[in-house]
Amino acid sequence: MDFGVVSNFSERPWKYNKNSHPYDEMRNLKRHKQAIFAGVIGLVVTLVLTFSLRISDSNSIRDTLDSELYDLQLEIRRELQSHMFGFTWVSRQGEVGPAWVDEGELITSYYRQFRSLFWVTADGEVIRHYPNSWNPPATVPESIAVWLSRFNPGARYLISAEELAEHPADLLLVVPFNGESHNGFYAGIIDMNRLLHLTVASHLKDNTAFHVVRQSDSEVMFNLAPNDRLKAEWGNHRVFQIFGETWILELWPTPERLQEMRSKLPLLVLLAGSLVTGLLTFVLYLLGVSRVRETMLQEANRELYDEIEEREKVEQRVAYLAEHDSLTGLANRNAIIAQLGNELDILREQSLRVGVMILDLDHFKEVNDTLGHNIGDALLKQVSTRLSELHGGKSMLARLGGDEFAVMLTNVREQEDLESYAGEIIEALDKHFNVEGYEIFVTGSIGIALTQTGQEDAETLMRHADTALYRAKERGRNTWHVYSQELHDELADRLDLSKKLRYAIEQNKLAVFYQPQVDMTTRKIIGLEALVRWIEDDGTIIGPDRFIPIAEDSGLILPISDFVLQTACRQLARWRDMGLNDIRVSVNLSGRQFQVPDLTDQILYAVRSAGIPTAFLELELTEQVLIENSKSHTQFMQDMRDNGITLAIDDFGVGYSSLSYLKHFPINALKIDRSFVKDLPDDKDDATITQTIVSLARNLDIGIVAEGVENQAQADFLIERGCTIGQGYFYSRPVPADEATALLTAPNSVIPVKIS
């Protein structure tokens, strides 16, 4: 061992020694080359990063200014278009010819930037103007008259006001009119200087300079700039095209705002980088003057250490797989239940609450069926990543299997905290996923359970969350629901009601009631709607609002619907045998019935076996049923039309907003939903909607029926607007067949003045 080298540690390596050998100095430099290299590289990286951040900061400021100028341009254009559209609308809806100027006070009260309004004849003569205090020339200037000669009726034009202007920025808005009694131009001068002042005051940030320059002569049309010190370096401009002219909008910051917009990050990076570089250089210098000794014991035991390390890795991997999902790397069901049990034991003693959320992806099976399981697995990984980012280390996130995830939250104070977090999850899933080139959109339903008594175990809490998840899916998916005792009781009651319903169907406890559809002008019955009722042995009637949703979910709606159809057809046959040949019966169709392949044959069999004409049977479908699987529904409705059966849309107006199906489907009638009728005629919104639906039906030559008519005022309102057919408690409740027969056999089948 060279003890001479060791003795050099006591010396100051960089202190000049006139007796030292050049070889010693070179060896010292080599020993500290890492520290020198780190110092140089650190300094270079710090300077480059600082300079890059400075450039990025400048670019960000320019982008911000450009965005502000773009937004300001949009606001100016939007305000200008508002006046154009409003002026055009008023000119088309108000008085014709010169008389329209009399509405000037009304027009300027809504569109305040009009400086003046006037009527110009085809010869360019100004014969009417507003306000009276304005003294316009007898004829428009020749430069404007040239433009007027080129304008076409029915359009609108925006040109410079020129000699008519009080300010260089004023614009002239012209709408040509060519009528039988008048031929000329609606005209209005827009005070662009005021419009710009108001718009800029509302949308321009403080300490920002802005002006507008006309490109043709560089005249400043609008100026809000204390100085132009930073205009050359930081100015942004945009071209603003106006009919016949081009304006340049320019915006730049004042020194005060530029200072506010500057980021402090480059300076912080420079200081931090210098500090880190100095510390790293110092550490490497210390390591350079230290000798790392390698012992024989480390060499001898290397293989033993490697074997122990490999065994530990295998054990860790086995333990990891036992508590983690192999696809996403999240905790699995076993892990979250075990952890949940531990947390419940701990927090139970501290009187704290634990929350569990179960998330299920809606319609995930469609992704697997359409794109394959590989894409489905990749989607699950992206979902888990997004949930992990949102989760942010809160307690535990797990994948339960398939497309189900679970979140455990401890130390929960309020139920609203869980609800807020559930909303964040749904919002996070609302953004599309890009999976191997496919753009996929998924939604999620969430069930929430929170400890109530403090005695719940892990399995119970998970089961409660799963029950709440079922309710969230039942409510239309893409939402959340919180478990409660009421929900538990409701589901238990629902299960019991489902069993009783199945028994009621087998024991023929269902009956068909009929609600008259009345010509409200004559109170004569023109048809009846068949409605199912469940009558218990003690005479209690269970309303359809309780058992129809259960029947839809369980599939019992199919035998119920078939029973109603056949009963209604047979009853119609009896009425026809009594000579009531003008009565039509309406029967509702369920969406589940469209899943039956021979639905058309079933309907035609019921009609033919009863021996009634097909024209007197009407089928009612809701908008939702109509839109779902529209291709198969189109064929069904064509078959119905070919066989003479009419179709009506029930509950019209509360379903889908698209009305294209009215064009493509053979619809015979629309039924206005009772929610729009109940507040007539007092509710202005309902009145407008009802009027719109009636007008739509009449324009499309489609029949119209109002549901839920309950008083004379509603009937009068509907009759006045062209809807003469109605049904509701004002005329009759749904009644059994014998009572319906009594109503039909009354003199002229007229509903009495009042039915209790």
Side-chain angles (χ1 to χ4, degrees), residues 32-78 196 199-213 215 218 220 222-241 246-285 382 385-386 388-390 392 428 431-434 437 439:
H32 303 302
K33 67 178 181 179
Q34 289 183 338
I36 297 172
F37 181 76
V40 172
I41 293 299
L43 182 60
V44 171
V45 170
T46 299
L47 293 176
V48 169
L49 185 58
T50 302
F51 183 70
S52 300
L53 289 174
R54 185 72 171 183
I55 294 176
S56 176
D57 183 44
S58 299
N59 292 336
S60 176
I61 293 174
R62 288 189 173 90
D63 291 342
T64 300
L65 294 173
D66 184 67
S67 176
E68 291 178 3
L69 181 58
Y70 177 73
D71 292 341
L72 186 59
Q73 178 183 351
L74 289 181
E75 291 299 329
I76 295 172
R77 186 178 299 277
R78 187 179 295 113
L196 290 171
T199 305
V200 168
S202 300
H203 298 89
L204 190 67
K205 294 189 178 296
D206 296 338
N207 295 323
T208 304
F210 173 76
H211 72 195
V212 181
V213 179
Q215 189 180 53
S218 300
V220 176
F222 178 80
N223 186 41
L224 191 64
N227 59 68
D228 58 355
R229 286 172 51 192
L230 301 180
K231 177 182 176 183
E233 181 180 0
W234 294 98
N236 283 265
H237 71 276
R238 283 186 173 272
V239 176
F240 190 77
Q241 294 289 345
T246 300
W247 288 2
I248 306 299
L249 310 182
E250 293 187 276
L251 179 147
W252 64 92
T254 62
E256 293 81 6
R257 184 165 184 216
L258 182 61
Q259 186 65 28
E260 294 174 0
M261 297 176 74
R262 282 291 190 191
S263 172
K264 304 298 188 296
L265 184 59
L267 178 60
L268 295 177
V269 169
L270 179 62
L271 296 176
S274 301
L275 179 60
V276 171
T277 299
L279 291 175
L280 182 60
T281 303
F282 178 70
V283 170
L284 291 176
Y285 171 78
Q382 291 196 21
T385 300
R386 190 171 294 181
S388 298
E389 293 172 353
L390 183 65
K431 302 175 184 176
H432 76 275
F433 293 86
N434 193 330
E439 188 178 39

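What you see is a predicted model, and the numbers here were worked out from it, not measured in a lab.
Minimum interatomic distance between Arg386 and His432 (heavy atoms only, all atoms of both residues): NH2-O, 3.3 Å. Annotation for Ser58 and Arg262: closest pair OG-NH1, 3.1 Å, computed over non-hydrogen atoms. When all heavy atoms of Leu224 and His211 are compared, the pair lying nearest together is N-CB, 4.4 Å. The two residues Leu196 and Ile76 have their closest heavy-atom pair at CD2-CD1, 3.5 Å. In plain terms, the two heavy atoms of Ser263 and Pro266 that are nearest each other are O-CD, 3.4 Å. The two atoms that bring Gly39 and Thr277 nearest to each other are O-CG2, 3.4 Å, heavy atoms only.
The closest side-chain heavy-atom distance from His203 to Asp71 is not below 4.5 Å. No side-chain heavy atom of Leu271 sits less than 4.5 Å from a side-chain heavy atom of Leu275. A heavy-atom distance below 4.5 Å is not found between the side chains of Arg257 and Asp206. Using a 4.5 Å heavy-atom cutoff, the side chains of Trp252 and Leu258 are not in contact. For the pair Asn227 and Thr254, the minimum side-chain heavy-atom distance is 4.5 Å or more.
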Check your understanding: Going through the checks in order, is the side chain to side chain contact (heavy atoms under 4.5 Å, CB included) test met by Val212 and Ile248?
Key -> CA-CA 6 Å; Val212 181; Ile248 306 299; over 6 Å; no
Side chain to side chain contact (heavy atoms under 4.5 Å, CB included) evaluation trace for Leu270 with Thr46: CA-CA 6 Å; Leu270 179 62; Thr46 299; 3.9 Å; yes
| field | Full working for side chain to side chain contact (heavy atoms under 4.5 Å, CB included) between Phe51 and Leu47 | value | CA-CA 6 Å; Phe51 183 70; Leu47 293 176; over 6 Å; no
Let me see the working for Gln241 and Thr246 under side chain to side chain contact (heavy atoms under 4.5 Å, CB included), right down to the final yes or no.
-> CA-CA 5 Å; Gln241 294 289 345; Thr246 300; 3.0 Å; yes
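The backbone N or O of Val48 lies less than 3.5 Å from a partner atom in the side chain of Ser52, making a donor-acceptor pair. In this structure, Gln382 contributes its side chain and Asn434 its backbone to a donor-acceptor pair below 3.5 Å.
Heavy-atom contacts from other residues, nucleotides or ligands closer than 6.0 Å to NZ of Lys431 number 12 or fewer. Other residues, nucleotides and ligands contribute over 12 non-hydrogen atoms within 6.0 Å of the NZ atom of Lys231.
Ionic pairing of Arg78 and Glu75 is present here: one or more N-O contacts between side-chain nitrogen and carboxylate oxygen are shorter than 4.0 angstrom.
Here CG of Leu74 is found 9.5 Å from CG of Leu69. Values are rounded to the nearest 0.5 Å. For the atom pair CG (Asp57) and CZ (Arg62), the distance works out to 10.0 Å, reported to the nearest 0.5 Å. For the atom pair Phe240 CZ and Arg77 CZ, the distance stands at 4.5 Å (nearest 0.5 Å). Taken to the nearest 0.5 Å, the CD atom of Glu260 stands 5.5 Å off from the CG atom of Asn207. Expressed to the nearest 0.5 Å, how far CG of Leu65 lies from CH2 of Trp234 amounts to 7.5 Å. Taken from CG in Leu267 to OG1 in Thr50, the straight-line distance is 8.5 Å, to the nearest 0.5 Å.
In this structure, His237 has no ring-ring contact (aromatic ring centres under 6.0 Å, His included) partners at least two apart in sequence or on a different chain.
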